[in-house]
Amino acid sequence: MPELPEVEVTRLSISRPLERARVLGVRVGKPLRWPLGCDPHSLVGRAIGPVARRGKYLWLPLGPRPGQGDSDAGGLLLHLGMSGSLAFRPEHTAPAGPLGLHDHFELFVEGGTGSGRLCLHDPRRFGAVVFAPALDQPPAAALLARLGHEPFDAALTPQSFHAALSGRRAAIKSVLLSGDPVVGAGNIYACEALFHAGIDPRVRADRISRPRAARLLQAVRDTLARALALGGSTLRDFSDAHGMDGAFQDHAAVYGREAQPCLQCADPVRRIVQGQRATYFCPRCQRR
DNA sequence: CGGGACGCCTGTGAGC
DNA sequence: TGCTCACAGGCGTCCC
């Protein structure tokens, strides 16, 4: 589920409850994609800093343990994988006993807006929570090293985007999913952006002209911004930290609409498979 | 080095 | 009703 808009919606929804917060307790469930990389108890007592996002990763800065110097600081790199979501639930006292069936990591915190627990719910456990001393230190650095530009980074221009596509012979849909030229568009938003740009997802990336690359970049930005404004997409169970569902799924032009009429031309939307992933597009509105 | 397949997990819905 | 199978929002790793 979680593509960039859902991760950003999550970031925004946990920012307030975590303001000036401190970790009072930690509980862990089943293993996630990678080991936490530290003793969970070593997180207790640390101050939580402003939550940041890079691509689909969240970064939760943590101050040093009580009595330790600044060099003891670190943070948690979080990824929601395919089925992850974060929930913040106000609680007066630290919950005890086992976590919920699919709750695999929980911080009990005391913050400026009161105490509560921040819980990662992830049935498929493709998500991750990893401790690192800093974003540019292992193991965080390696995970972020190969990410492309943030979609709204001013350094990403139609020219540089076109140049990035020109070296890739793979289908444009696959190149968007790779997160190489630009991060954030997953399967839903890559399909939607290509529809709004009028580009056939099977076109080789290096065969896209400059004007069409410019249109695609704009479509990626517009699609992600619209999804963010709508609270993301809730296909099955995604919601923000307060349980609010997204609404973008009701505004998708092609994603999940196989055989239904195209909203522009009424021809049936097609579903194909590219790189083991479903692609939805309109063969009439999206040209080679 | 680019490109594509695999595997990590569990839940759900369709079809028989 | 109950079983089996295909498929689901991501992405690091491996092999060609």
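Please read all numbers here as calculations on a predicted model, not as lab measurements. First the proteins, then the strands, lettered A, B, ... as listed; each starts at 1.
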Can A:T279 and A:Q274 be counted as having a side-chain donor-acceptor contact under 3.5 angstrom? yes
Does anything in residues 157-175 of chain A reach DNA chain C, meaning a heavy atom under 4.0 Å, and if so which residues? none
Which whole-number value in Å describes the distance from A:Y57 OH to C:dG10 P? 12 Å
Does the distance from a Lys or Arg side-chain N to an Asp or Glu carboxylate O, for A:D72 and A:R46, drop under 4.0 Å? yes
With hydrophobic residues grouped by side-chain heavy-atom distances under 4.5 Å, do A:V26 and A:L36 end up in a single group? yes
Pair A:R22 + A:E110: basic N to acidic O under 4.0 Å: no
Which one of A:V175, A:L217, A:D206 satisfies the side-chain contact (heavy atoms from CB on, under 4.5 Å) criterion with A:L165? A:V175
Would you mind reading off the distance between A:L32 atom CG and C:dC11 atom C1', rounded to a whole angstrom? 15 Å
Given the side-chain rings of A:Y189 and A:Y255, with only the six-membered ring counted for Trp, is the space between their centroids under 6.0 Å? no
A:F281 vs A:R202 side-chain heavy atoms within contact, under 4.5 Å: yes
Indicate, with a heavy-atom threshold strictly under 4.0 Å, whether A:F248 touches base, sugar-phosphate, or nothing. nothing
Students should find this one: the first and last nucleotides of DNA chain B, 5' to 3', lying under 4.0 Å from a heavy atom of chain A. What are they? B:dG3 to B:dT12
Does A:R204 reach a base, just sugar-phosphate, or nothing at all? Heavy atoms under 4.0 Å. nothing
Report yes if some heavy atom in the side chain of A:V182 is under 4.5 Å from a heavy atom in the side chain of A:F161; otherwise report no. yes
Side chain to side chain contact (heavy atoms under 4.5 Å, CB included) between A:V130 and A:L76: does it pass, once the steps are laid out? CA-CA 5 Å; A:V130 175; A:L76 293 173; over 6 Å; no
Using the C1' atom on both, measure C:dG10 against B:dG13 and round to a whole Å. 22 Å
Whole Å only: how far is the CZ atom of A:R33 from the P atom of C:dG12? 6 Å
Distance, rounded to the nearest Å, where A:R271 contributes CZ and C:dA6 contributes C1': 9 Å
Below 4.0 angstrom, N of the basic side chain to O of the carboxylate: do A:E150 and A:R54 qualify? yes
Distance-only donor-acceptor test (3.5 Å): side chain A:R124, base C:dA8: yes
With heavy atoms under 4.0 Å as the rule, sort A:R125 into base, sugar-phosphate or nothing. sugar-phosphate
Side-chain N or O of A:H79 closer than 4.0 Å to phosphate OP1/OP2 of C:dG10: no
Length of the line joining A:I272:CD1 and C:dC7:P, which is rounded to integer Å: 14 Å
Check: protein-nucleotides 13-16 of chain C nitrogen or oxygen pairs below 3.5 Å:
none

What integer number of Å spans the P atoms of B:dT12 and C:dC11? 23 Å
Per the salt bridge (charged side-chain N to carboxylate O under 4.0 Å, His left out) rule, what does the pair list look like for residues 241-266 of chain A, sequence neighbours excluded? none
Quickly work out the A:L144 CG to C:dG10 P distance and round it to whole Å. 17 Å
Distance alone, cut at 3.5 Å: any donor-acceptor contact between the side chains of A:D122 and A:H104? no
From the options A:T223, A:V269, A:V254, A:L177, select the one residue that forms a side-chain contact (heavy atoms from CB on, under 4.5 Å) with A:C191. A:V254
May I have the distance from A:E258 (atom CD) to C:dC7 (atom C1'), rounded to whole angstrom? 12 Å
Can you list every stem that DNA chain C is part of, counting only runs of 3 or more consecutive Watson-Crick or G-U wobble pairs with both distances under 3.5 Å? B:2-8 with C:10-16, B:10-16 with C:2-8
Residues 276-288 of chain A vs salt bridge (charged side-chain N to carboxylate O under 4.0 Å, His left out), sequence neighbours excluded, gives A:D267-A:R284
Would you say A:Y255 places a side-chain N or O within less than 4.0 Å of OP1 or OP2 belonging to C:dA8? no
What is the distance, rounded to the nearest whole Å, between atom CD of A:Q249 and atom P of C:dA8? 17 Å
Is there side-chain contact between A:E19 and A:P50, with heavy atoms separated by less than 4.5 Å? no
